[in-house]
Amino acid sequence: MIAFKHLKLIEVIDRKGSLSKAAKELNLSQSALSHQLKQLEEILEIKVFHRVNNNLIFTEEGKEFRDYGASILKEMAQLKTRMAEIKEFQVNQYTHGYSLQETNRLYDQASTVADFIHWDSYWEKGTKILEAGCGVGAQTQIIATNNPTCEITAVDISDRSITEAKKLIATSDIKNVQFQIADLRKLNFPDEYYDHIFVCFVLEHTPNPLQILTELKRVLKKDGTITVVEGDHGSTYFYPDSTTARKAVAAQVELQKKNGGNANIGRTLYPLLEQCGFQQIAISPRQIYVDKSKPNLVDGFIRKTFTAMIKGVEEEAVSKGIISKNEMEEGIANLYRVADTGGTFCYTFFKGVGVK
Ligand SMILES: C[S@@+](CC[C@H](N)C(=O)[O-])C[C@H]1O[C@@H](n2cnc3c(N)ncnc32)[C@H](O)[C@@H]1O
């Protein structure tokens, strides 16, 4: 059977121009290399080379083998790069994970903060929108409903999340969304394809947000806009205050950093968009202030969005030695106490828009 080593052998002989040089590069003796060549010709039952005065000259069939083999080697190299990228994504693992609790938290978060984030998420009729890192479709359903004439493509690296997102949209009246599994670091869309791009709570999880913004800019049309929404955990304060609650929040920030992300990314949106070459950048901080006069936000934001997020990383933060189990438990209990005892809570999201 033809093996990878045969393709490589022919590629190296072709590139080096002689058996001795090829043997050197492949770290083989010349006789071992000749043996492999003979073996290949026996398998193929064709001559790959004419041997003329110690020189190897490709036969017509040999040229075909070489060219076909070169395209397979190229694809193998691409496959290797792609697998390395996937591995890198797993190493810089996504802090919140893909559990059922996190799926529900994303839905709670999106519906709770929709008024703050999306009152101005409207684009011109008939335009093509890319939602980058759509997760389980929590924001997708809002922007799709707000923009029924726009054609939305929503992508995420997680096939599990895309399956959830498809289920969610299938149970609604929304007809203007299609989902795809895609890596934002390397999209399969052509240059200048989308009129607008929307990214929400994604860059905070990536080790290289500029790489993603640059790739998104590539697929954005000239004069198109990018909208980025991110949180910033450094903007969190609450009453009654508590040292352990602050430590629990700091533990989440530290864990996210260890996993390659930045939970305080909101404050860096302007410089990030600027470094990426976007124009007319406008950053709009969206502060959520909660007290007991807003019971929906007490439940939806303090309990189900923010504290649920800290609770979601409890095990990992403790197991990685970032915080002790006691402190984490007490901190989470104190965050719930803010909600239960009529306390107050403040958090700021940042929404940035830039033009290509
Ligand atoms: C916190 S979730 C936010 C999901 C959604 N935007 C929302 O607000 O509900 C972050 C999402 O970014 C996705 N993500 C992270 N890195 C990615 C990458 N390189 N390519 C595509 N998706 C990525 C994760 O799989 C995850 O679904």
Side-chain angles (χ1 to χ4, degrees), residues 81-106 109 132-136 138 156-161 183-186 199-215 228-238 242-269 271-272 275-276 304-336 347-350:
T81 309
R82 184 70 197 113
M83 291 302 109
E85 282 173 359
I86 289 173
K87 184 162 166 249
E88 185 199 320
F89 179 77
Q90 286 168 344
V91 171
N92 296 304
Q93 57 173 297
Y94 169 45
T95 301
H96 298 324
Y98 299 101
S99 63
L100 179 62
Q101 288 94 314
E102 176 58 11
T103 297
N104 290 332
R105 192 191 72 80
L106 287 173
Q109 169 175 261
C134 63
V136 292
D156 199 281
I157 200 166
S158 155
D159 55 351
R160 249 165 90 178
S161 299
D183 186 343
L184 303 179
R185 292 167 298 182
K186 199 167 188 202
V199 202
C200 187
F201 307 145
V202 175
L203 299 183
E204 59 166 313
H205 296 293
T206 63
N208 193 345
L210 258 188
Q211 179 191 11
I212 289 186
L213 284 175
T214 305
E215 180 63 353
V228 186
V229 180
E230 294 289 342
D232 190 316
H233 292 3
S235 71
T236 314
Y237 50 93
F238 37 82
S242 133
T243 309
T244 47
R246 275 190 269 126
K247 280 190 180 170
V249 177
Q252 139 91 78
V253 173
E254 185 57 27
L255 175 66
Q256 200 157 324
K257 194 168 162 192
K258 272 191 194 294
N259 288 341
N262 176 7
N264 294 337
I265 198 168
R267 70 192 73 175
T268 73
L269 277 194
L272 276 173
Q275 275 176 62
C276 200
K304 292 184 174 158
T305 298
F306 193 86
T307 311
M309 173 183 69
I310 305 295
K311 177 124 187 75
V313 301
E314 179 178 7
E315 221 179 285
E316 195 183 345
V318 170
S319 72
K320 290 193 168 160
I322 295 170
I323 186 170
S324 74
K325 191 166 169 38
N326 284 348
E327 276 187 320
M328 192 68 177
E329 276 174 2
E330 194 183 315
I332 291 168
N334 284 340
L335 285 171
Y336 279 125
Y347 187 90
T348 306
F349 292 101
F350 291 80

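The basis for the numbers below is simple: all heavy atoms, side chains too, and nothing from hydrogens, waters or symmetry mates.
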> How would you list, by chain and number, every residue that makes a side-chain hydrogen bond (donor to acceptor under 3.5 Å, both in side chains) with R267, sequence neighbours excluded?
Replying inline: D232
>> Run the side chain to side chain contact (heavy atoms under 4.5 Å, CB included) test on K258 and E316 for me, step by step, so that the C-alpha distance in whole Å, both residues' side-chain angles and the decisive distance to 0.1 Å come before the verdict.
In response: CA-CA 11 Å; K258 272 191 194 294; E316 195 183 345; over 6 Å; no
> Is there a side-chain contact between T236 and Q252 (heavy atoms, below 4.5 Å)?
Replying inline: no
> Parallel, tilted or perpendicular: which describes the rings of F201 and F349, with under 30° parallel and over 60° perpendicular?
Replying inline: tilted
> Which pair of heavy atoms, one from M328 and one from A251, lies closest together, and at what distance?
Replying inline: SD-CB, 4.3 Å
> Can you tell me if E204 uses its side chain to pair, donor with acceptor, with the backbone of E230 under 3.5 Å?
Replying inline: no
> Between the side chains of S161 and D156, is a donor N or O closer than 3.5 angstrom to an acceptor N or O?
Replying inline: no
>> Please enumerate all residues that pass salt bridge (charged side-chain N to carboxylate O under 4.0 Å, His left out) together with E330, with sequence neighbours excluded.
In response: none
> Who passes side-chain contact (heavy atoms from CB on, under 4.5 Å) against E215, sequence neighbours left out?
Replying inline: L187, R218
>> Please identify which of these residues, L203, I212, V202, meets the side chain to side chain contact (heavy atoms under 4.5 Å, CB included) condition with V228.
In response: L203
>> For G234, is there any backbone N or O sitting under 3.5 Å from a side-chain donor or acceptor partner on N264?
In response: yes
> Does the side chain of E254 reach to within under 4.5 Å of the side chain of I323, using non-hydrogen atoms?
Replying inline: no
> What's the shortest heavy-atom distance between A248 and I332, and which atoms?
Replying inline: CB-N, 4.5 Å
> Any idea which heavy atoms bring A132 and V199 closest together, and the distance?
Replying inline: O-CG1, 3.6 Å
>> I'd like to know whether N259 forms a side chain to side chain contact (heavy atoms under 4.5 Å, CB included) with H205, so could you lay out the CA-CA distance, the side-chain angles of the two residues, the decisive distance to 0.1 Å, and finally the verdict.
In response: CA-CA 8 Å; N259 288 341; H205 296 293; over 6 Å; no
